[in-house]
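If you read the sequence from its start, that first residue is 1, and numbering goes on from there.
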Amino acid sequence: MEFIELKKHLKTQKPNPCYYCYGDDDFVIDRALSLLCALASEPKPFNCADREFSSGKEMTDELMQLPLLGDYRVVVARGKTDNAAIVEYLKSPNPSSVLVVPYYIPHDSWNRTAAVTVPTGATGVDCNRLSLSAVAPFVNALCARTGATIGDRAISLLYNRCGGYMTRINSETQKLAMLRAGIAITEQDINDNVKADTEFVVFELCDSILGGKSARALAIVDGMAKNNDLVAAFTLIYNRFRRIFAAAVDPDGLSLMGVKPGMVGRLKSEGTSFGKARLKGILDMLEKADYDYKTGAMTVYDALTCFVAQAAYSK
């Protein structure tokens with residue numbers, strides 16, 4: 001189920017034996033854990049275990065304990081978990097225990113190469129980045145605390161500059177709401193006060209390269225040199241072009257690369273528009289630039305600048 005469905009599910013139905021909360025937004029996963037831990041009966045310290053387990057047996061022993069003075073115990077299994085032990089336990093789970101497994105996907109979700117595998121019998125809770133429509137009410141509510149207001153276009157810009165991650169959206173919104181207490185938060189306020197997430201900048205850079213906008217692409221690189229991690233940018237750029245190339249060669253294989261459904265259509269369109277030969281050429285240029293900076297032949301900035309200049313002019 002999606003994260004936004006979890007609250008209604010817990011209010012209207014008996015809890016399931018196990019929830020596997022996975023995603024690339026730590027804020028959303030932590031919020032899901034809070035909702036699930038609220039199932040634990042009082043006294044909470046006795047009815048909610050939240051830690052790493054050294055073995056599957058230790059986790060199962062914790063799950064088989066009865067709640068104290070209530071209906072449910074919640075067991076949060078952090079760190080590396082024994083999925084085989086989880087599957088075995090779920091064949092005959094304790095009806096008064098709820099197992100919660102958080103699985104944090106690295107912030108750089110473009111680097112993910114495989115889809116998440118939810119253990120058999122567990123309920124998967126998708127805690128990846130929320131859609132703009134789900135984030136907007138949260139942003140408006142935070143702004144209202146200081147009497148600030150924010151329009152739809154400004155929310156969209158804030159969402160994009162934060163890469164869609166609620167952890168940053170939460171902190172940046174609170175900052176803006178304090179700076180503009182009692183008045184409207186404008187798009188200029190966001191441009192002036194919110195540093196663009198590397199992933200968002202990389203999207204803009206790749207689009208400029210593919211559009212042949214060399215001046216704009218080089219200006220973005222200059223901005224990245226001041227505000228972003230250029231080494232991380234190489235990984236993001238490579239993975240973006242790799243996915244576009246894959247869409248041109250084998251679009252049906254995108255799901256196996258961990259591409260989210262909402263991105264598949266765009267990648268297919270880009271793969272068709274720019275062609276296999278040009279995309280392969282761009283990947284070759286990028287691999288050379290990556291090799292040059294890693295071997296010390298060039299600085300990271302110079303290697304990225306050379307790649308962008310060549311790629312933007314490629315046909």
Side-chain angles (χ1 to χ4, degrees), residues 108-111 129 132 152-165 168 186-249 251 254 257 259-260 262-293 298-315:
D108 171 16
S109 62
W110 282 104
N111 203 27
R129 283 167 285 183
L132 176 60
D152 291 342
R153 287 173 62 89
I155 292 176
S156 179
L157 178 60
L158 174 65
Y159 179 90
N160 287 330
R161 289 186 75 86
C162 292
Y165 289 98
R168 280 204 67 205
T186 66
E187 292 173 70
Q188 190 59 51
D189 292 326
I190 295 168
N191 283 323
D192 291 344
N193 294 285
V194 180
K195 185 182 81 171
D197 185 89
T198 300
E199 188 170 354
F200 169 66
V201 178
V202 165
F203 258 87
E204 189 177 5
L205 174 61
C206 293
D207 286 348
S208 297
I209 291 172
L210 291 170
K213 301 174 183 177
S214 56
R216 176 58 184 155
L218 291 170
I220 292 172
V221 173
D222 284 340
M224 292 174 71
K226 298 175 184 177
N227 301 310
N228 300 97
D229 182 348
L230 293 183
V231 174
F234 261 101
T235 300
L236 289 165
I237 294 167
Y238 179 77
N239 279 309
R240 173 142 173 75
F241 279 117
R242 184 166 66 96
R243 283 162 170 73
I244 299 174
F245 180 68
V249 176
L254 289 173
M257 300 174 69
V259 176
K260 299 170 189 176
M263 285 299 302
V264 171
R266 176 173 178 173
L267 290 171
K268 286 182 178 179
S269 176
E270 290 174 335
T272 301
S273 299
F274 301 110
K276 302 173 187 178
R278 185 185 178 199
L279 292 168
K280 179 61 168 62
I282 288 175
L283 285 174
D284 290 341
M285 293 177 203
L286 186 56
E287 287 183 0
K288 182 180 184 304
D290 184 65
Y291 178 81
D292 285 343
Y293 93 78
M298 289 185 178
T299 65
V300 179
Y301 172 78
D302 287 341
L304 186 56
T305 299
C306 288
F307 158 72
V308 167
Q310 294 170 359
Y313 280 112
S314 67
K315 299 296 182 181

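For the atom pair CZ (F203) and OG (S208), the distance works out to 13.0 Å, reported to the nearest 0.5 Å. R278 CZ to L210 CG: the interatomic distance, rounded to the nearest 0.5 Å, is 5.5 Å. A distance of 6.5 Å separates CD1 in I244 from CG in L279, rounded to the nearest 0.5 Å. One finds the CG atom of L286 at 6.5 Å from the CD1 atom of I237 (value rounded to the nearest 0.5 Å). With rounding to the nearest 0.5 angstrom, the CG atom of N191 is 10.5 Å from the CG atom of L158.
Under a 4.0 Å N-O distance rule, the pair K288/D284 does not qualify as a salt bridge.
For the pair I209/F241, a side-chain contact is recorded, criterion being any heavy-atom separation below 4.5 Å from C-beta on. Residues M298 and L304 have side chains not in contact (no heavy-atom distance under 4.5 Å, counting atoms from C-beta outward). Annotation: side chain of D207 is not in contact with side chain of K213 (no heavy-atom distance under 4.5 Å).
Applying the 6.0 Å contact sphere to CG of D152 captures no more than 12 heavy atoms from other residues, nucleotides or ligands.
Within the 6.0 Å centre-distance limit, the rings of Y293 and F234 are counted as a close aromatic pair.
The backbone N or O of L236 sits nowhere less than 3.5 Å from a side-chain atom of R240 that would complete a donor-acceptor pair. The backbone N or O of G163 sits nowhere less than 3.5 Å from a side-chain atom of R168 that would complete a donor-acceptor pair. A distance-only check finds a donor-acceptor pair linking the side chain of D189 to the backbone of T186 [under 3.5 Å]. Looking only at distances, a side-chain donor or acceptor of R161 sits under 3.5 Å from a matching main-chain atom of V194.
Among the candidates I282, D292, D302, D290, the single residue satisfying the side chain to side chain contact (heavy atoms under 4.5 Å, CB included) test with F307 is I282.
Of all heavy-atom pairs between M224 and L230, the closest is CB-CD2, 3.7 Å. The heavy-atom pair separating A154 from E187 by the smallest distance is CA-CG, 3.9 Å.
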Applying side-chain contact (heavy atoms from CB on, under 4.5 Å) to Y238 and E287, what does each step give before you reach the verdict?
CA-CA 8 Å; Y238 179 77; E287 287 183 0; 3.7 Å; yes

Worksheet item: L283 and F245: side-chain contact (heavy atoms from CB on, under 4.5 Å), yes or no, with the steps?
Response: CA-CA 9 Å; L283 285 174; F245 180 68; 3.9 Å; yes

